[in-house]
*Asks:* 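Sharing a structure below in structure tokens format, with a few things to ask.
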Amino acid sequence: MDATEIPGELTRVHYTEAQILDRIAEVAAQIDADYAGKSTPLLLGVLNGAIMVMADLSRALTLHVEQDWMAVSSYGAGTQSSGVVRILKDLSVDIENRHVIVVEDIIDTGLTLAYLLQNLASRRPASLEVMTMFRKPEAFDSPIDPKYVGFDLPNEFVVGYGLDYAGRYRNLRDCATLSPSVYS
Ligand code: PRP
């Protein structure tokens, strides 16, 4: 679905599908250049939100990559980060001496990635970088410094392009602010 198909549920579209794909092409070119001549990078998608960016980023690359997934939980069904991170699904492969790029849909407080990066670093990858499609302002107060960022967003409750509210809106093509009338 796109924003025009759910009138009244969104207050503002930040990025359309076309703008997102254009930006992903730019980031992919950067990653292609950075990893040229290196051993095959592993794109590590963080379920569930990263499924869209993983699908689009991996296909925009000209490099060979491998893909794997972790599932962690930091949010409940509400709109605030809980600070509680649990690993629900671990990697299927050993990342020792591998070039790893963690692929995220959004960094908000940075709590999820702070935990995840510490955990992954202990497995001794050759390198460990982060690509996030979106970043919210609070992320600047965290120690997380992603090498690849799609877009910065204002501090609003955004949905779409993998971002959900209570499990819905992930399949919205655009990235948009959810109307408070939906969750109040
Ligand atoms: C979201 C998002 C990040 C995390 C960012 O995941 O995908 O993993 O929250 O928030 P933080 O920077 O404040 O830690 P969520 O736990 O909502 O799960 P989901 O990907 O299944 O939606």
Side-chain angles (χ1 to χ4, degrees), residues 1 3 6 9-10 13-15 17 20-21 23-24 27 31 42-58 67-92 95 100-123 125 128-180 182-184:
M1 61 171 66
I6 46 171
E9 295 180 47
L10 307 169
V13 173
H14 297 280
Y15 297 103
E17 179 181 36
I20 291 168
L21 290 176
R23 181 65 188 132
I24 284 182
V27 173
I31 293 174
L42 178 72
L43 300 183
L44 193 178
V46 185
L47 293 168
N48 297 299
I51 52 172
M52 306 301 177
V53 59
M54 176 69 113
D56 288 332
L57 176 71
S58 60
Q67 290 158 272
D68 201 1
W69 301 91
M70 283 181 80
V72 300
S73 171
S74 65
Y75 284 16
T79 61
Q80 296 294 310
S81 181
S82 68
V84 177
V85 178
R86 288 183 299 146
I87 291 187
L88 306 177
K89 180 212 172 294
D90 207 340
L91 285 169
S92 308
I95 59 168
V100 176
I101 306 171
V102 177
V103 178
E104 265 286 22
D105 51 344
I106 192 164
I107 304 175
D108 186 352
T109 64
L111 287 168
T112 306
L113 267 182
Y115 172 84
L116 203 54
L117 291 177
Q118 190 180 26
N119 179 297
L120 294 171
S122 72
R123 308 183 197 195
L128 182 58
E129 300 292 351
V130 173
M131 185 278 163
T132 185
M133 190 63 231
F134 303 112
R135 177 172 59 181
K136 288 176 82 173
E138 237 186 297
F140 291 105
D141 297 329
S142 86
I144 304 302
D145 185 21
K147 186 165 186 181
Y148 309 103
V149 179
F151 294 115
D152 282 304
L153 287 171
N155 197 20
E156 296 176 10
F157 193 77
V158 287
V159 293
Y161 199 70
L163 301 170
D164 74 309
Y165 167 63
R168 295 171 60 183
Y169 298 98
R170 292 193 202 275
N171 61 325
L172 173 64
R173 295 174 183 274
D174 316 290
C175 170
T177 292
L178 189 63
S179 171
V182 174
Y183 56 86
S184 59

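Start at 1 and go down the list; that is how both ligands and their atoms are numbered. Excluded from the calculations below are hydrogen atoms, water molecules and symmetry mates; all remaining heavy atoms, backbone and side chain alike, are included.
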*Asks:* Is there any N or O on L113 that sits under 3.5 Å from an N or O of ligand 1?
*Replies:* no
*Asks:* For the residue pair W69 and M54, establish whether any side-chain heavy-atom pair is separated by less than 4.5 Å.
*Replies:* yes
*Asks:* Could you tell me if T177 and E156 have a donor-acceptor pair between their side chains, going purely by distance under 3.5 Å?
*Replies:* yes
*Asks:* For ligand 1, note which part of L163 has a heavy atom under 4.0 Å away: side chain, backbone, both or neither.
*Replies:* neither
*Asks:* Taking all atoms of both residues into account, what is the closest heavy-atom pair of P137 and P154, and its distance?
*Replies:* CD-C, 3.9 Å
*Asks:* Just which atoms of ligand 1 are under 4.0 Å from any heavy atom in T112?
*Replies:* 4 (C), 5 (C), 8 (O), 10 (O), 11 (P), 14 (O)
*Asks:* State the atoms of ligand 1, each with its element, that fall below the 4.0 Å cut-off from a heavy-atom position in L47.
*Replies:* 20 (O), 21 (O)
*Asks:* Please confirm whether R170 approaches ligand 1 to less than 4.0 Å, judged on its heavy atoms.
*Replies:* yes
*Asks:* Which pair of non-hydrogen atoms, one from D105 and one from G49, has the smallest distance, and what is that distance?
*Replies:* OD2-CA, 3.1 Å
*Asks:* N/O to N/O below 3.5 Å, does that happen between G49 and ligand 1?
*Replies:* yes
*Asks:* Please say whether S73 places an N or O atom under 3.5 Å from an N or O atom belonging to ligand 1.
*Replies:* no
*Asks:* Quick one: does ligand 1 sit under 4.0 Å from the side chain of D105, the backbone, both or neither, non-hydrogen atoms only?
*Replies:* side chain
*Asks:* Can you list the atoms of ligand 1 that are under 4.0 Å from a heavy atom of L111?
*Replies:* 12 (O), 14 (O)
*Asks:* Would D141 and K136 pass as an ion pair if we require N to O under 4.0 Å?
*Replies:* no
*Asks:* Walk me through whether E9 and Y169 qualify under side chain to side chain donor-acceptor pair (under 3.5 Å).
*Replies:* CA-CA 10 Å; E9 295 180 47; Y169 298 98; 2.6 Å; yes
*Asks:* Under 4.0 Å, heavy-atom basis, I'd like to know which part of E138 is in contact with ligand 1: side chain, backbone, both or neither.
*Replies:* neither
*Asks:* Report the residue from L91, L88, V46, V102 that forms a side chain to side chain contact (heavy atoms under 4.5 Å, CB included) with M70.
*Replies:* L91
